[in-house]
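Note that these values count all heavy atoms, side chains included, but never hydrogens, waters or copies made by symmetry.
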Amino acid sequence: MVNSKNIIDASLKEARHWGNASYMEDGLVLTDRITDAPIPKDPTRLNFILMALCKKGRAQYSIDTRKQTVKPGDLLFVSERHIIDNYMATRDFECLCIMVSTDFYHDFVQNVKNVSSLLLFSMNNPVVSLTPMEIQTYSNYFQTIREKMANPQHHYRTDLVKALLLAMFYDMSNVIWRVEQTRATIQSRSDDIFSRFIRLLEANFRTERRVKWYAEELCITPKHLYEVVKQVSKRTPNEWIENYVILEIRVLLRNTTKSIKQICDELHFPNQSFLGKYFKEHIGVSPSEYRKG
């Protein structure tokens, strides 16, 4: 077991100084020299999403105490809030590493299904071997995104980078589809409950936001659901429900012309004032301010 008192938090602000890093705002960092990062002696919780392609050498580490090994051609995923420990790498270890804050990620994904598919896949398959074509595809995206990030004079730089990240996500989602078609995943009881909770949430969050309802649908107690979801994902069921609702509001505000009244009705909020307060509590600005920004 990892002693929570010894866990340290790693942020993207720190990652901006890791080796040959390129960064944009506080939401995106790319580096091809992860070995230049300071190696923490204590277990480290990542407060961002990490995806990396191993090009040379080998590395091993634990995610939430589960041992992982990475070799050339492997793509690794680490979702936010998961704990990395026992990290070791060979001197020639090289990887193309993309780190994204959850806020930045939510700004370029287009629907909640995209979020849950990557989430569930990364938990069950934290390391995946890519085909030669998939390796080339990831490498091409990495280089192109880095080139676009390096041009602050480009008027649409942020939008362009987000569009490229979204395109890369869909190509990597094809990897998810390939692996799921060819490999049966053996899940623990806890993983199975969590997966079913996320899929149930994905289908019903617009109308159901009570943990008790989800527990009843899964034929377990709310307490058991809380314990399982917290243990597997490091978040509570309420946090997952709130994340899905807030993400959907953000997507509807940014990617549609629906009025706030229409969004309120679609997500079954009692009134616009309630939705406005709910959104501001989580994002820090009102829905109208977020749409303008």
Side-chain angles (χ1 to χ4, degrees), residues 12 15 18-24 27-35 37 46 48-59 61 63 68-80 82 89 92-102 104-151 154 156-185 255:
L12 272 184
W18 292 354
N20 186 30
S22 304
Y23 63 89
M24 196 165 69
L28 176 65
V29 176
L30 272 66
T31 181
D32 55 8
R33 293 218 307 261
I34 195 71
T35 48
L46 300 188
F48 49 84
I49 298 164
L50 182 149
M51 183 164 54
L53 170 66
C54 177
K55 300 289 286 183
K56 288 176 60 180
R58 299 176 73 89
Y61 55 92
I63 298 180
Q68 307 295 330
T69 301
V70 178
K71 63 186 184 304
D74 284 350
L75 185 70
L76 66 97
F77 296 93
V78 183
S79 299
E80 65 152 352
H82 290 271
D92 62 340
F93 181 61
E94 288 182 11
C95 65
L96 304 181
C97 185
I98 299 176
M99 294 165 278
V100 186
S101 73
T102 49
F104 198 88
Y105 178 63
H106 288 168
D107 274 347
F108 71 80
V109 295
Q110 294 186 325
N111 58 60
V112 295
K113 188 173 182 180
N114 290 349
V115 177
S116 60
S117 63
L118 179 61
L119 165 81
L120 295 174
F121 183 79
S122 66
M123 288 187 173
N124 295 323
N125 306 273
V127 177
V128 178
S129 294
L130 300 187
T131 66
M133 184 175 291
E134 290 165 349
I135 292 170
Q136 190 60 55
T137 297
Y138 181 94
S139 302
N140 290 344
Y141 275 118
F142 183 92
Q143 298 303 332
T144 303
I145 292 169
R146 194 170 207 178
E147 287 172 11
K148 300 305 178 184
M149 289 171 63
N151 183 12
H154 196 301
Y156 299 102
R157 182 179 71 137
T158 300
D159 291 332
L160 179 58
V161 167
K162 287 179 179 178
L164 287 167
L165 285 166
L166 180 60
M168 185 190 74
F169 173 85
Y170 279 115
D171 267 320
M172 293 304 102
S173 292
N174 191 58
V175 175
I176 294 174
W177 183 87
R178 172 181 64 79
V179 172
E180 289 181 341
Q181 294 299 307
T182 58
R183 184 171 70 195
T185 302
N255 299 333

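- Under the side-chain contact (heavy atoms from CB on, under 4.5 Å) criterion, C97 pairs with T31, I34, L50, A52, C95, M99, not counting sequence neighbours.
- Every residue two or more places apart in sequence or in another chain that forms a ring pair (Phe, Tyr, Trp, His ring centres under 6.0 Å) with F77 is listed here: F121.
- For the salt bridge (Lys or Arg N to Asp or Glu O under 4.0 Å) test, residues two or more places apart in sequence or in another chain that qualify with K71 are D74.
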- request: Check the pair C54 / L76 against side-chain contact (heavy atoms from CB on, under 4.5 Å), numbers first and verdict last.
  value: CA-CA 8 Å; C54 177; L76 66 97; 6.0 Å; no

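- Applying the side chain to side chain donor-acceptor pair (under 3.5 Å) rule to K56 yields no partners; only residues at least two apart in sequence or on another chain are considered.
- In this structure N140 satisfies the side-chain contact (heavy atoms from CB on, under 4.5 Å) test together with Q136, sequence neighbours excluded.
- Looking at every heavy atom in both residues, R178 comes nearest to L130 through NH2-CA, 4.1 Å.
- For F104, the side-chain contact (heavy atoms from CB on, under 4.5 Å) partners are M24, E25, L28, V100, S101, F108, K162, L165, not counting sequence neighbours.
- Residues that satisfy the salt bridge (Lys or Arg N to Asp or Glu O under 4.0 Å) test with R157, not counting sequence neighbours, are absent from this structure.
- Considering only residues two or more places apart in sequence or on other chains, K148 meets the salt bridge (Lys or Arg N to Asp or Glu O under 4.0 Å) condition with none of them.
- Remark: N20 engages D32, R33, R146 in a side-chain contact (heavy atoms from CB on, under 4.5 Å) (not counting sequence neighbours).
- If you take NZ on K55 and CG on D92, they are separated by 13.5 Å, rounding to the nearest 0.5 Å.
- Qualifying side chain to side chain donor-acceptor pair (under 3.5 Å) partners for T131, counting only residues two or more places apart in sequence or in other chains: E134.
- With sequence neighbours excluded, the residues forming a side chain to side chain donor-acceptor pair (under 3.5 Å) with D171 are Y141, listed by chain and number.
- The CG atom of L75 lies 6.0 Å from the CG atom of L53; values are rounded to the nearest 0.5 Å.
- Scanning both residues, P72 and G57, for their nearest heavy atoms gives CD-O, 3.1 Å.
- Listed by chain and number, the residues in a side chain to side chain donor-acceptor pair (under 3.5 Å) with Y138 amount to none (sequence neighbours excluded).
- Rounded to the nearest 0.5 angstrom, N174 CG and F169 CZ are separated by 11.5 Å.
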query: Stepwise, does the side-chain contact (heavy atoms from CB on, under 4.5 Å) test hold for M168 with L164?
result: CA-CA 6 Å; M168 185 190 74; L164 287 167; over 6 Å; no

